[in-house]
K.L.:
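Right, I'll just put the structure down here and ask away after.
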Number of protein chains: 2
Amino acid sequence: MGVNSLQPNKQDTLSEHVFEQIKEDIITGAIPQGRKIVETDLAKSYHISRGPLREALQKLESIHLVDRRPHSGSRVITLDSTMMRDVYQMREAMEGFATRLACVAMSQADIDNLYRLLEKHENSIKRSEGQRYFQKEGDLDFHYYVFSKCQNQWLIDYLNNKLYQVLRMCRHRTSQLPFRVEPALYDHYAIVDAINNRDPELAEILMRRHISGAWKVVEKLLNQEENKESI
Amino acid sequence: MGVNSLQPNKQDTLSEHVFEQIKEDIITGAIPQGRKIVETDLAKSYHISRGPLREALQKLESIHLVDRRPHSGSRVITLDSTMMRDVYQMREAMEGFATRLACVAMSQADIDNLYRLLEKHENSIKRSEGQRYFQKEGDLDFHYYVFSKCQNQWLIDYLNNKLYQVLRMCRHRTSQLPFRVEPALYDHYAIVDAINNRDPELAEILMRRHISGAWKVVEKLLNQEENKESI
DNA sequence: ATTATAAATATTGTTAACAATATGGGTGTT
DNA sequence: AACACCCATATTGTTAACAATATTTATAAT
């Protein structure tokens, strides 16, 4: 089960291709937050003309990675704590609900796969404490697997293509902060247990708590960071 | 408090203007569901060139009103019962959560406004049984008012600009079906009571039930319609 | 008749020039 | 020195032509 198991998109057209490129550049910070985007310049640097570039920018706007104002131009969004809170709240609502739906729709084989996935994560944690990055990817794999079984195409699309892209950006921003991964693993086990017992109510509640808990941790770390800066 | 109280958009640019036009034409059925869209033709009929038209189409795609496939073209979506179920589920999750947030964030003045709004609806129902259309608009006003106070800009944007546009399309599709409006009014009162008691848990649950109940009614009517056709 | 192949047409993707709007800087006035 | 105004420049919005791809039609073979 590879990282990022959902479709990597064909990139058939110039506009799509360059959209993916810019998206990654924004998420990884290669294009920094808040940077003004000048269409002419960006088009040159990606070796395309302004037409497809504008389409790419519009797509980026639709997943909230850039702000555009008519006649005025575009800039990369800035992830302040308000926006991150908004994203985590959305995630709590939508992924909670997706978990409820998935709990009903999953086959037993799906559930078995989930248990195996968690065992893999557990081993990877025991073996090596160092590689936090890989472990975060593991976290993503788990969440992807669950919500992708909810059978609601709108929900899957929104989580996969919009929320999780901004979430990746949040994680990049907070990647130097020290997280503990064990508690997350326990949460994950509890969620799969609830799914295994076919208890959608509980599964939703646990997923919600898992996410709101994650936000509380991030919020705290952000505040500490802020205080450091203001000293 | 007018119908559709949130921003009608400036329409400063050609692309935005024509986006709004096509959007309405799709929602009202002036452009029928499933219709193939040919850029050249549509551009001519709205008296613009293909550039801004393509931008408008992309926007329409981002709110799920048209499907686009590279090199192949666009067509207006078809509202089958699966898609309508998806939309109502999304609404249940997101608007339920928005209600929870709004319950915490609303001022007492907001709550008083809500009560006044419901009284107006009640009177309008008592006075005239006939004008179902207006009463549905009233229903929209109520929902708008609640979720617009949730303080989460992402949530508001998604509900207002995406979900509710498709929902309007659903309603157009089912506008000839016979609905009863009194039960909805009672639901609304119960929700505002929960908000007034500052009980976010309950407010969310009631809003969820209200929406899933609405879907059950629509689903039933759709099935009856289907059966009629197959006779 | 049906299927497969190839030319012709239609449609979308891309580019570059042009028009309209916003932005920044300088000049003059108070 | 601060403010308002106008001009020059930069940037975005729009158009029309061109290129690449998909779709249809016509033709030929089985």
Side-chain angles (χ1 to χ4, degrees), chain A residues 7-26 30-78 161, chain B residues 7-26 30-78 161:
Chain A
Q7 72 278 2
N9 254 359
K10 45 218 151 192
Q11 304 178 354
D12 192 2
T13 171
L14 260 187
S15 140
E16 289 183 42
H17 181 66
V18 113
F19 162 74
E20 293 291 338
Q21 277 189 271
I22 303 180
K23 191 182 79 180
E24 291 305 315
D25 287 346
I26 289 178
I31 307 178
Q33 295 184 24
R35 158 92 95 229
K36 175 85 197 296
I37 289 175
V38 177
E39 293 178 1
T40 312
D41 300 352
L42 213 61
K44 260 181 214 147
S45 77
Y46 288 96
H47 307 100
I48 58 173
S49 70
R50 275 181 59 222
L53 182 89
R54 282 172 62 86
E55 292 196 5
L57 284 180
Q58 206 180 310
K59 262 190 195 157
L60 288 164
E61 184 190 24
S62 82
I63 64 173
H64 290 92
L65 252 40
V66 312
D67 277 337
R68 288 182 93 197
R69 275 186 323 186
H71 301 288
S72 164
S74 322
R75 52 183 358 123
V76 178
I77 57 155
T78 307
N161 296 330
Chain B
Q7 71 279 4
N9 255 1
K10 45 219 153 193
Q11 304 179 354
D12 193 2
T13 171
L14 260 187
S15 142
E16 290 183 42
H17 181 65
V18 113
F19 162 74
E20 292 292 338
Q21 276 189 269
I22 303 179
K23 192 183 79 180
E24 291 305 316
D25 286 346
I26 289 178
I31 306 178
Q33 295 184 24
R35 158 93 94 229
K36 175 84 196 298
I37 288 175
V38 177
E39 293 179 0
T40 313
D41 300 353
L42 213 61
K44 260 180 214 147
S45 77
Y46 288 97
H47 307 100
I48 57 172
S49 72
R50 277 181 57 223
L53 181 89
R54 282 172 64 85
E55 293 195 5
L57 284 180
Q58 206 181 309
K59 261 189 197 160
L60 289 165
E61 185 190 23
S62 81
I63 63 173
H64 291 92
L65 253 38
V66 311
D67 277 338
R68 289 182 93 199
R69 275 186 323 186
H71 301 290
S72 165
S74 323
R75 52 181 359 121
V76 179
I77 58 156
T78 308
N161 296 329

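For the numbers below, each heavy atom of this structure counts, side chains included, while hydrogens, waters and symmetry mates do not.
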K.L.:
B:G34 and B:R75: which non-hydrogen atoms are nearest, and at how many Å?
P.N.:
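Where B:G34 meets B:R75 most closely, the heavy atoms are O-NE, 3.1 Å.
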K.L.:
Quick one: label B:G73 by what it contacts on the DNA or RNA (base, sugar-phosphate, nothing), any heavy atom closer than 4.0 Å.
P.N.:
sugar-phosphate
K.L.:
So, for A:D12 and B:P70, which heavy atoms are closest and what is the spacing to 0.1 Å?
P.N.:
OD2-CB, 4.4 Å
K.L.:
Using atom types as modelled and distance alone, determine if a side-chain donor or acceptor of A:Q58 lies under 3.5 Å from a backbone N or O of B:E55.
P.N.:
yes
K.L.:
Both A:H71 and A:S49 contact DNA chain C. Taking the nearest nucleotide for each, which residue is further toward the 5' end?
P.N.:
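Closest to the 5' end, via its nearest nucleotide, is A:S49.
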K.L.:
In residues 32-45 of chain B, which residues come under 4.0 Å of DNA chain C by heavy atom?
P.N.:
B:I37, B:V38, B:E39, B:T40
K.L.:
Taking 5' to 3' order, which nucleotide of DNA chain C is first and which is last to have an atom within less than 4.0 Å of a heavy atom in chain A?
P.N.:
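From 5' to 3', the first and last contacting nucleotides are C:dG13 to C:dT23.
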K.L.:
For B:T40 and B:R50, work out which heavy atoms get closest and say how close.
P.N.:
OG1-CD, 4.2 Å
K.L.:
If I take atom OG from residue B:S62 and atom CG from residue A:N161, how far apart are they, to the nearest 0.5 angstrom?
P.N.:
12.5 Å
K.L.:
So, A:R68 side chain and A:S74 main chain: donor-acceptor pair closer than 3.5 Å or not?
P.N.:
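Judged by distance alone, no pair lies under 3.5 Å.
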K.L.:
Heavy-atom nearest nucleotide on DNA chain C for A:S72 versus A:L14: which residue maps closer to 5'?
P.N.:
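The answer here is A:L14.
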K.L.:
Check the pair A:K23, A:I63 against side-chain contact (heavy atoms from CB on, under 4.5 Å), reporting the backbone distance first and the verdict last.
P.N.:
CA-CA 10 Å; A:K23 191 182 79 180; A:I63 64 173; 4.0 Å; yes
K.L.:
Do A:L14 and A:V18 make a side-chain contact, defined as non-hydrogen atoms from C-beta onward lying under 4.5 Å apart?
P.N.:
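Sidechains of A:V18 and A:L14: no contact.
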